[in-house]
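In the text below, chain A, chain B and the rest are named by the order of the sequence lines, each starting its count at 1.
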2 protein chains.
Amino acid sequence: MSLMNDNIVLAIVDDHPIVIEGLRTLLKEEPQISIAGSFTRGKDFMDFLQHNKVDLVLLDIMLPDTSGMDLCRDIKKLSPDTVVLALSNHTERSIILQILQNGASGYLVKNVSSTELLNCLKEALKGEIAFSKEVKEIITRPSQHEFKQVPTLTKREKQILQLVSQGKTTPVMAQELNVSPLTIETHRRNLLQKFDVKNVAELIMAAVQHKMITGF
Amino acid sequence: MSLMNDNIVLAIVDDHPIVIEGLRTLLKEEPQISIAGSFTRGKDFMDFLQHNKVDLVLLDIMLPDTSGMDLCRDIKKLSPDTVVLALSNHTERSIILQILQNGASGYLVKNVSSTELLNCLKEALKGEIAFSKEVKEIITRPSQHEFKQVPTLTKREKQILQLVSQGKTTPVMAQELNVSPLTIETHRRNLLQKFDVKNVAELIMAAVQHKMITGF
DNA sequence: CCAAAAATACCGGGAAACCAGTAGATAAAA
DNA sequence: TTTTATCTACTGGTTTCCCGGTATTTTTGG
């Protein structure tokens with residue numbers, strides 16, 4: 001886990017060049033941290049990670065290409081010892097828990113102060129879970145409907161969900177995806193089951209609430 | 001307007017220290033630009049502006065204390081010659097137009113590259129309207145659902161919509177409201193018609209997008 | 001008061017969604 | 001390699017949704 005290493009290799013994945021620049025500047029002050037690279041696309045980082053050792057990643061969970069959630073999982077799969085710190089502006093409890101579920105070691109909202117950022121980095125490297133102040137409050141204040149955790153969907157299911165939200169009917173989807181309508185029906189059934197709902201109306205609502213469909 | 005001035009006084013208003021740091025670093029390279037200050041709260045900047053001349057403000061329109069919209073208007077009222085460049089992650093057309101309405105000279109999404117940022121700064125100082133690449137596309141391509149205005153629903157229809165979003169079926173709603181299921185069907189039909197959609201999935205999505213059902 | 005809007009209700013019919021159970025093929029993980 | 005997860009596909013059936021009309025009663029607003 002490179003706990004006691006005095007030299008920590010860090011990477012930044014964020015599609016905002018300004019944020020990257022800011023992080024670089026702030027972290028440059030810390031001699032024990034060396035920045036291996038910064039990436040605006042998830043795929044680029046994964047390529048990098050294939051050939052390089054990275055101790056800690058600052059990961060924006062809202063990226064253009066991949067979902068940050070999936071990327072986080074991919075990172076931990078490829079390199080389990082790499083500590084992932086999620087960086088985002090979202091303050092929904094479900095999102096925070098979801099990213100933790102996917103292997104992140106902490107969650108920072110982007111309005112952290114520089115000192116807060118460094119503290120969290122240190123905590124995360126010690127193996128602890130690190131939250132910025134605001135996030136801690138969100139975590140400790142649970143809300144009603146968040147008891148049932150966010151269901152994990154397969155690739156195909158996500159795809160079907162998206163199409164359903166676009167008003168596509170089963171036969172239409174079957175044609176588009178070149179599979180039997182009966183197959184689509186099965187996926188639909190599984191979606192309803194996983195979300196614990198009875199029909200599309202509830203399904204869409206649940207998906208929207210968990211931000212699993214964008215809407216735009 | 002300080003068009004031809006070789007020394008441009010710039011200020012940054014953003015509640016993300018990281019972003020501020022990034023902007024500072026990027027702009028430090030430009031000798032003709034001097035950064036008068038950076039502020040995480042709108043009020044602080046207004047106090048500063050009272051006693052100092054500022055040529056250009058980079059303004060995050062999502063601030064904790066004031067709405068960026070209001071702040072922009074306040075800035076232009078107090079110091080009409082100060083050029084305001086909005087900085088945000090929102091990509092909704094309506095938001096962009098709104099901030100321009102309030103006196104901003106341009107709009108940048110935060111994922112601008114450093115060169116793009118500098119170009120926009122220069123354009124804005126020349127008195128032009130400056131947009132980052134992504135924003136230009138949004139402006140020129142008005143999106144579908146913004147054409148058709150938000151449908152006006154009757155009391156009953158709102159009620160039905162709410163119930164539908166809760167997964168209630170026609171017979172269930174009929175019982176709850178003590179009317180014939182056929183009546184409910186008619187209301188449903190009218191809802192689909194008003195929203196110009198084919199089925200519940202689309203209906204819910206449209207309603208969510210127009211914020212006509214809360215979700216929570 | 002009277003016209004417009006809204007809420008109510010009906011018919012018939014076709015399409016789609018939902019339910020319960022089963023199961024082969026393949027791909028990924030242990 | 002064996003297990004597990006995922007994607008695929010089927011049978012057979014019930015329920016609900018969606019579409020095309022039409023039409024009466026209340027409510028509401030000018």
Side-chain angles (χ1 to χ4, degrees), chain A residues 46 50 67 69-80 101-103 149-207 212-213, chain B residues 149-207 212-213:
Chain A
M46 287 309 291
Q50 217 101 37
S67 145
M69 300 287 179
D70 297 337
L71 185 60
C72 182
R73 171 177 272 127
D74 291 345
I75 292 169
K76 296 301 280 189
K77 198 190 296 174
L78 178 61
S79 168
Q101 206 87 35
N102 285 343
Q149 79 281 9
V150 182
T152 51
L153 304 185
T154 68
K155 217 183 237 173
R156 204 51 151 177
E157 282 163 355
K158 281 180 201 162
Q159 199 177 9
I160 304 286
L161 176 60
Q162 196 66 40
L163 293 172
V164 168
S165 80
Q166 288 162 20
K168 304 275 176 75
T169 66
T170 297
V172 169
M173 288 187 279
Q175 273 225 314
E176 281 189 17
L177 302 180
N178 291 312
V179 293
S180 162
L182 299 162
T183 304
I184 305 287
E185 287 241 3
T186 304
H187 288 308
R188 290 187 85 122
R189 203 136 39 93
N190 293 337
L191 279 170
L192 294 182
Q193 225 161 43
K194 284 193 176 180
F195 277 94
D196 189 29
V197 294
K198 304 186 305 299
N199 52 38
V200 257
E202 274 188 290
L203 175 65
I204 302 285
M205 286 302 285
M212 305 188 74
I213 40 183
Chain B
Q149 74 286 3
V150 182
T152 51
L153 304 185
T154 69
K155 214 182 244 174
R156 205 51 152 176
E157 282 163 355
K158 281 180 201 158
Q159 198 177 9
I160 304 286
L161 176 59
Q162 197 65 42
L163 294 172
V164 168
S165 79
Q166 287 163 19
K168 304 275 175 75
T169 66
T170 298
V172 168
M173 288 187 279
Q175 273 225 313
E176 282 189 18
L177 302 179
N178 290 312
V179 293
S180 161
L182 298 163
T183 303
I184 305 287
E185 289 248 345
T186 304
H187 287 309
R188 291 187 84 123
R189 206 136 38 94
N190 293 336
L191 279 170
L192 293 182
Q193 225 162 45
K194 285 193 176 179
F195 278 93
D196 189 30
V197 294
K198 306 186 304 299
N199 52 38
V200 253
E202 275 188 290
L203 175 66
I204 302 284
M205 286 301 284
M212 305 189 73
I213 39 182

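The two residues A/Ser180 and A/Ala174 have their closest heavy-atom pair at C-CB, 4.0 Å.
Side-chain contact check for B/Ile160 versus B/Val164: some heavy-atom pair is nearer than 4.5 Å. Side-chain contact between A/Val200 and A/Arg188 is present, with heavy atoms from C-beta onward closer than 4.5 Å. Considering only heavy atoms from C-beta on, A/His187 stays 4.5 Å or farther from A/Leu161 through its side chain. Within the 4.5 Å cutoff, the side chain of A/Leu203 has no heavy atoms near those of the B/Ile204 side chain. Side-chain contact between B/Thr186 and B/Arg189 is present, with at least one heavy-atom pair separated by less than 4.5 Å. When side chains are defined from C-beta on, B/Leu163 counts as touching B/Leu177, because their heavy atoms get closer than 4.5 Å. Within the 4.5 Å cutoff, the side chain of A/Ile213 has heavy atoms near those of the B/Met205 side chain. Side chains of B/Arg156 and B/Val179 form a contact here, defined as non-hydrogen atoms less than 4.5 Å apart.
A/Arg188 places its CZ atom 12 Å from the C1' atom of D/dC17, with the value rounded to the nearest Å. Rounded to a whole Å, the CG atom of B/Asn190 is 16 Å from the P atom of D/dC17. Between A/Leu203 atom CG and C/dA17 atom P the separation is 12 Å, expressed in whole Å. Here D/dT15 presents its P atom at 18 Å from CG of A/Leu192, a figure rounded to the nearest Å. The nearest whole Å value for the distance from the NZ atom in B/Lys155 to the P atom in C/dA7 is 9 Å. Straight-line distance from the CG atom of B/Asn199 to the C1' atom of C/dG14: 16 Å, rounded to whole Å. The separation between A/His187 atom NE2 and D/dT6 atom P is 11 Å, rounded to whole Å. When rounded to the nearest whole Å, the span between CZ of B/Arg156 and C1' of D/dT26 equals 13 Å.
Separating the OG1 atom in B/Thr152 from the NZ atom in B/Lys194 is a distance of 5.0 Å, to the nearest 0.5 Å.
The side chain of B/Thr154 places no N or O atom within less than 4.0 Å of a non-bridging phosphate oxygen (OP1 or OP2) of C/dA5.
Less than 4.0 Å separates DNA chain D from at least one heavy atom of each of the following residues of residues 167-185 of chain A: A/Val179, A/Ser180, A/Leu182, A/Thr183.
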Protein and nucleotides 21-23 of chain C: nitrogen or oxygen contacts under 3.5 angstrom:
residue: C/dG21; atom: O6; partner: A/Arg189; partner atom: NH2; Å: 2.8

Pull out every protein N or O sitting under 3.5 Å from an N or O of nucleotides 27-30 of chain C, one pair per line with the distance.
none

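No more than 12 heavy atoms of other residues, nucleotides or ligands lie within 6.0 Å of CD in A/Gln175, so this atom counts as exposed by the packing criterion.
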